[in-house]
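One structure is given below, encoded as structure tokens.
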Amino acid sequence: MKVSTPNSCIRQAIYCLLLCGFFFAACTHNGKDYEAEAKFYHNLDDTIFRRFNIDKPKETIQFIDSTFRSLKDISSYGHYYIYNRKRTYYNWLGDNNASDLYADSAVKALDQDDLQQHYPEQYAYALLSKGGTAFALHNYTTSYDYYYRAVTFAKRNLDVCKLKDYSYAVAMTLYSQKKFSESANNFKQAFDEYSVCKDNKRDGWHMQEILNNTALCYTKLNQSDSALLYYNKALAFIKNTVAPIVTPHDVEVANAVIYGNMGKVYFKKNLLDSAEILLTKSINVNLMPGYGDHKDAQMEQVQLANLYLKKNEPEKLHQTLLALKNEFSSKEVAEDAKIEWLSLMSKYYEMTNDKAEALPYYKGYIAMRDSVNEVNKQAFQTDILQQLKDKQQQIQIDTLKSDNQLSHIYLWISITLALMALTIIAMVYYYYNRSKHNVKTLTMLNHEVGEQKGKLEFTMVELEKSNTGKDRILKAVAHDLRNPIGGIAMLSNVLITDHQHDEEEEKSLKMIESTAQNALKLINELLEINIREDSVNLQKQAIELNDFIRQIIPIMRLNAEKKSQDIQMVLLPKPLTIDIDKEKIERVLSNLVNNAIKFSSAGGSITIELQQKDGSVFILVKDKGIGIPVELQANLFNTFSGTMRQGTEGERSFGLGLSICKQIVEAHGGKIWVQSTPGNGTTVFVELPV
């Protein structure tokens with residue numbers, strides 16, 4: 001088991017994250033369409049664990065393929081599920097390319113807003129898995145992007161205990177990109193998240209590894225004190241937290257990794273004795289059969305050999321190099337260690353003055369070093385040569401253009417500048433003359449507007465006087481006519497009631513009475529209406545609307561009974577008090593109900609209905625009468641609109657009542673309108689603010 005560097009731990013980290021993935025499909029959601037689906041895949045996971053556990057990925061994938069072949073419809077989540085499983089399977093086989101393709105398909109399967117809302121853990125996990133497969137293929141930029149997408153999404157949609165693996169994965173990617181400072185910060189964040197949510201053996205093992213990786217970042221940054229601080233924290237954590245839950249073998253391996261890393265720091269600090277002790281401890285553990293990591297051991301042996309070279313101890317140097325030579329016969333060989341070994345062998349023989357033996361090792365070192373450097377050099381030169389080639393071609397193109405066009409460019413520039421100068425001069429002269437003319441015209445227009453304004457103001461004053469005189473005369477005439485016409489109506493009624501008359505006389509008297517009553521109504525309306533439609537003076541008071549309607553209905557029913565008509569009420573379900581002028585609103589309703597009586601046939605019904613909605617109360621007066629012709633509806637509420645019609649039994653209409661109603665309602669801040677279909681009745685709406 002290797003836990004010494006992030007690169008060596010990434011496969012283990014991804015494997016641990018895959019374990020979490022088996023449980024993500026178990027989440028249930030509130031939506032009815034998603035609950036059954038989540039339950040199905042939860043049960044499928046249970047079946048897989050009972051039959052195969054996690055140690056049989058090949059059998060698991062065969063079982064899943066068989067199950068999905070039997071399904072008629074596979075949802076987007078179902079596709080995510082199988083893609084994620086196959087990504088896990090190919091990761092187990094070591095086929096990183098196939099694993100990456102399935103990881104990409106898993107992301108796309110859930111790349112919809114509604115699916116991300118219902119399956120946030122699965123979507124975040126799909127992004128994280130894609131980052132892991134890109135990491136394995138050394139596509140570090142892509143890996144970095146997907147890890148950050150996963151973390152960003154998870155922070156918005158998941159709780160902190162489900163974020164710890166994401167912070168760890170981001171830290172690993174940053175380390176591989178040699179962003180050691182950012183990587184250290186992310187490792188610290190991951191450690192804090194694991195500390196809050198630590199709940200199993202795997203978390204404890206990860207935490208000691210995170211401390212070690214943090215120290216490695218500081219080692220790369222040449223911050224030795226910070227590195228040693230975190231190495232010691234890792235050793236203390238292993239002793240106090242990890243040791244009780246793992247085997248002694250695991251503790252020994254973990255300590256050996258940290259000892260080797262600390263030895264390198266002490267070597268840099270020139271504390272060679274301490275470095276020798278720690279490197280020796282690490283090498284001894286890593287070289288034991290079934291223990292540690294042989295490549296790590298080889299690199300630490302190189303470090304130990306350099307230490308003996310620095311201390312000028314040729315015998316220990318030679319023994320260490322011979323032991324390292326034996327290691328190169330194994331399957332695992334660290335190429336960097338072998339290059340250093342050749343160099344150190346050459347230096348050893350130089351120390352012992354055996355230059356004949358030193359030369360072959362030195363040549364081998366040079367050849368191997370140059371071979372490795374040539375690969376890097378060729379890769380570097382390819383880019384540089386391509387850039388130089390592109391630059392050279394661009395220079396040649398620019399030179400040709402310069403040779404062929406330079407003289408023409410100068411000529412055209414001169415011509416263009418001359419034309420621009422002439423154009424500018426012409427435009428300045430034109431707009432100067434035009435502005436002088438416009439100023440003169442504007443001055444004249446302003447003078448005319450001033451004169452017209454004075455005339456208009458004079459006309460408005462005269463019109464105001466005329467309207468005032470007209471109102472005064474009209475109301476004076478109406479007032480003087482009311483008493484004699486009222487007397488005629490009263491005397492006619494007395495004569496009819498108190499004396500016997502023949503049929504012809506009684507008919508004439510009734511005609512006189514009816515005519516006088518109609519004239520009296522007209523005079524009353526003329527006295528009440530505000531001819532100029534100025535503001536109406538209101539005497540508002542708090543009125544409970546249901547009681548108000550109940551009080552005025554009996555009077556209206558007396559008029560309705562003359563035509564055998566019925567008046568019905570539909571009141572509010574709850575009491576409602578509003579501020580209104582009681583007498584004027586009563587006048588509005590009386591006019592509306594009288595109109596309904598007038599234009600409804602005998603035996604008909606009239607309804608007064610109350611409604612409350614959006615801060616307003618509505619009073620509806622409905623009838624089933626003859627309705628209003630379409631051509632008359634537009635002018636119903638205008639004074640003297642010419643919309644007078646006779647009622648169903650010849651009743652007279654003066655066309656003033658609705659105009660009065662409109663003035664009163666609008667004075668209350670309300671609105672009044674009509675809906676009517678000829679032959680199918682009329683509904684008048686009165687809206688008043690609550």
Side-chain angles (χ1 to χ4, degrees), residues 1-21 23 124-125 128 131-132 135 147 150-151 154-155 158-176 180-221 223 225-262 265 278 282 285 292-293 296:
M1 181 183 297
K2 179 181 179 182
V3 295
S4 58
T5 66
N7 283 338
S8 67
C9 300
I10 186 62
R11 185 178 294 275
Q12 182 188 47
I14 296 298
Y15 180 74
C16 292
L17 291 174
L18 296 178
L19 292 176
C20 301
F23 298 100
Y125 180 68
L128 185 67
F135 190 99
Y147 280 151
V151 171
K155 284 183 177 179
L158 304 178
D159 61 66
V160 67
C161 288
K162 293 171 183 172
L163 293 175
K164 53 190 180 184
D165 290 326
Y166 300 90
S167 299
Y168 175 82
V170 170
M172 300 287 275
T173 303
L174 288 168
Y175 188 94
S176 69
F180 301 116
S181 180
E182 295 92 335
S183 178
N185 291 333
N186 277 271
F187 277 127
K188 291 177 185 178
Q189 179 179 336
F191 185 85
D192 291 340
E193 290 166 356
Y194 273 92
S195 298
V196 173
C197 309
K198 179 166 64 75
D199 58 1
N200 55 38
K201 174 181 175 181
R202 173 244 176 182
D203 286 350
W205 190 254
H206 253 325
M207 291 173 74
Q208 64 85 22
E209 176 191 335
I210 289 170
L211 290 172
N212 180 56
N213 291 344
T214 306
L216 278 172
C217 292
Y218 286 121
T219 301
K220 295 292 185 180
L221 293 168
Q223 298 179 18
D225 292 339
S226 297
L228 290 174
L229 174 65
Y230 275 91
Y231 284 134
N232 285 315
K233 282 186 177 182
L235 290 173
F237 189 84
I238 292 171
K239 179 180 179 181
N240 298 324
T241 305
V242 178
I245 58 175
V246 299
T247 65
H249 164 271
D250 291 332
V251 172
E252 193 173 10
V253 170
N255 285 335
V257 171
I258 297 171
Y259 292 152
N261 293 335
M262 290 178 72
V265 175
L278 292 169
S282 179
V285 173
D293 188 295
D296 265 6

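Note that CD1 of I258 and CG of L211 are 8.0 Å apart. Values are rounded to the nearest 0.5 Å. Here CZ of F237 is found 12.5 Å from CG of N212. Values are rounded to the nearest 0.5 Å. To the nearest 0.5 angstrom, Q223 atom CD is 12.0 Å from L228 atom CG. Between atom CD of residue Q208 and atom CG of residue N240 there is a gap of 13.0 Å, rounded to the nearest 0.5 Å.
Qualifying side chain to side chain donor-acceptor pair (under 3.5 Å) partners for K188, counting only residues two or more places apart in sequence or in other chains: Y218. Partners of Y230 under the side chain to side chain donor-acceptor pair (under 3.5 Å) rule, at least two apart in sequence or in another chain, do not exist in this structure. When the side chain to side chain contact (heavy atoms under 4.5 Å, CB included) test is applied to K220, the partners found at least two apart in sequence or on another chain are Y175, F180.
Looking at heavy atoms from C-beta onward, L216 lies in side-chain contact with Y231 at the 4.5 angstrom threshold. By the 4.5 Å heavy-atom criterion applied to side chains, M262 and N232 are counted as neighbours. At a threshold of 4.5 Å between non-hydrogen side-chain atoms, the residues D192 and V196 do not count as touching. Counting heavy atoms from C-beta on, the side chains of F191 and Y168 never come closer than 4.5 Å.
A pairwise comparison of heavy atoms in A124 and L158 identifies CB-CD1, 4.1 Å as the closest pair.
Results of the side-chain contact (heavy atoms from CB on, under 4.5 Å) test with N255 over L235, V285, V242, D250 single out L235 as the only residue that passes.
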